[in-house]
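Have a look at the structure below before the remarks.
All values below were derived from every heavy atom in this structure, side-chain atoms included, with hydrogens, water molecules and symmetry-related copies excluded. Residue numbering restarts at 1 for every chain, and letters A, B, ... go by the order of the sequence lines.
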Amino acid sequence: AEQYIRRSGREPALEGELLEHLTPGLALGAMAAPDGAVVSTPGHAPHMAGMNPMHPAALGMAHAHGLPAHMGCMSDVDADPRDLEAFAERFKQRRIKLGVTQADVGSALANLKIPGVGSLSQSTICRFESLTLSHNNMIALKPILQAWLEEAEGAQREKMNKPELFNGGEKKRKRTSIAAPEKRSLEAYFAVQPRPSSEKIAAIAEKLDLKKNVVRVWFCNQRQKRSPPSPRSWTSRRTWSASGSATSARSRSA
DNA sequence: GGATTATGCAAATAAACG
DNA sequence: CGTTTATTTGCATAATCC
């Protein structure tokens with residue numbers, strides 16, 4: 001039973017309870033920008049991690065990054081791409097100043113003991129810094145990383161003390177990797193029957209020595225992968241960084 | 001040559017649905 | 001429960017940085 005901070009949902013499902021919990025972002029004006037920057041963007045209170053009831057609605061797509069021409073009653077969230085961009089940049093900078101790696105940050109998050117927040121991988125931290133996450137994801141992670149940053153800076157100046165309290169936070173999401181041979185088997189099964197029954201799945205799982213759930217999910221993902229691309233999925237993934245703060249210029253091969 | 005960081009691919013998860 | 005759809009991550013590894 002692990003609950004992560006994420007929140008998705010394909011269908012808005014906006015109904016009655018769309019205007020109910022509009023509590024999160026009140027008061028809490030400024031949290032003292034540690035470094036004197038972060039200008040407090042207009043009303044927005046990063047709902048502490050935990051499970052904030054942010055509406056699955058709208059969030060997804062919509063909101064033109066340029067300017068939310070519509071009312072500003074969407075709970076909290078600054079949501080301004082430029083703010084995020086600035087934060088990410090400063091975050092990296094300060095992280096480095098602290099002499100900490102992305103991987104370190106990732107695992108340190110668990111020590112923060114924020115309910116619902118476990119550690120993250122180096123990948124995710126990297127992506128946050130380079131803004132290669134979805135907008136929503138960025139917004140969700142920001143308060144957490146900010147909390148860590150403040151904690152880390154505080155702890156450092158306070159003492160050179162490094163309490164190795166690496167004890168139990170929540171665990172990181174684990175990812176099992178399915179080896180090539182079993183993958184081939186699975187594909188063979190898939191070819192003959194893309195939607196096996198529970199029992200079939202159990203049998204396959206046993207045969208391949210995999211967990212039943214792993215097999216089930218594999219089939220789900222497989223179906224998803226092969227199903228025709230939904231015409232309506234242009235939700236996120238870096239839709240925003242259109243500006244030119246040339247941060248990275250990839251280039252394959254020489 | 002090892003440590004860090006960036007990335008492709010795809011598991012795992014969540015919400016709505018049945 | 002299990003499905004679909006949309007999305008969030010992590011593993012593995014390539015690319016870079018000392």
Rounded to whole angstroms, how far apart are [atom1] on [X] and [atom2] on [N]?
| X | N | atom1 | atom2 | answer |
| --- | --- | --- | --- | --- |
| A:L133 | B:dG8 | CG | C1' | 15 Å |
| A:K172 | B:dA12 | NZ | C1' | 14 Å |
| A:Q224 | B:dT13 | CD | P | 15 Å |
| A:K171 | C:dC11 | NZ | C1' | 17 Å |
| A:E129 | C:dT16 | CD | C1' | 15 Å |
| A:L141 | C:dG10 | CG | C1' | 13 Å |
| A:K225 | C:dA6 | NZ | P | 17 Å |
| A:Q222 | B:dC9 | CD | C1' | 12 Å |

Residue [X], side-chain heavy atoms: nucleotide from [options] that is nearest:
| X | options | result |
| --- | --- | --- |
| A:S134 | C:dT8, B:dA11, C:dG2 | C:dT8 |
| A:Q122 | C:dA12, C:dT4, C:dT9 | C:dA12 |
| A:R216 | C:dT3, C:dT9, C:dT5 | C:dT3 |
| A:R175 | B:dA12, B:dA10, B:dT4 | B:dA10 |
| A:R173 | B:dA12, C:dT3, B:dT5 | B:dA12 |
| A:K183 | C:dC11, B:dA12, B:dA10 | B:dA10 |
| A:N137 | B:dA11, C:dC11, C:dT8 | C:dT8 |
| A:R95 | B:dT5, C:dT7, C:dT9 | B:dT5 |
| A:L120 | C:dT9, C:dT4, C:dT5 | C:dT9 |
| A:R223 | C:dA12, B:dA12, C:dT4 | C:dT4 |

Just N and O in the side chain of [X]: are any of them under 4.0 Å from OP1 or OP2 of [N]?
| X | N | result |
| --- | --- | --- |
| A:T101 | B:dA3 | no |
| A:W218 | B:dA11 | yes |
| A:S177 | C:dA12 | yes |
| A:T124 | C:dG10 | yes |
| A:K212 | C:dG2 | yes |

### Task
Show the numbers, then the answer: is there a side chain to side chain contact (heavy atoms under 4.5 Å, CB included) between A:K92 and A:F128?
CA-CA 9 Å; A:K92 178 172 190 173; A:F128 180 86; over 6 Å; no
### Query
Is it true that a side-chain atom of A:R223 and a backbone atom of A:P194 form a donor plus acceptor pair closer than 3.5 Å?
yes
#### Entry: Polar side-chain atom of A:S119 near backbone of A:A110 as donor-acceptor pair, under 3.5 Å
no
Can you find a donor-acceptor N/O pair under 3.5 angstrom joining the side chain of [X] to the base of [N]?
| X | N | value |
| --- | --- | --- |
| A:R127 | B:dA6 | no |
| A:N221 | B:dA12 | yes |
| A:S123 | C:dC11 | yes |

### Query
For A:Q193, does the CD atom sit with more than 12 other heavy atoms under 6.0 Å from it, leaving out its own atoms?
yes
### Query
A:R226 near the nucleic acid: base, sugar-phosphate alone, or nothing, with a heavy-atom cut-off under 4.0 Å?
nothing
### Task
Kindly give the heavy-atom pair with the smallest separation between A:G116 and A:E170, and that separation in Å.
N-OE2, 2.9 Å
### Query
At their closest point, which heavy atom of A:T101 faces which heavy atom of A:R95, and how far apart are they?
C-NE, 3.8 Å
### Task
Please report the C-alpha distance between A:W148 and A:E153 in whole Å, then the side-chain angles of each, then the deciding distance to 0.1 Å, and finally whether the side chain to side chain contact (heavy atoms under 4.5 Å, CB included) criterion is met.
CA-CA 8 Å; A:W148 170 80; A:E153 289 182 328; over 6 Å; no
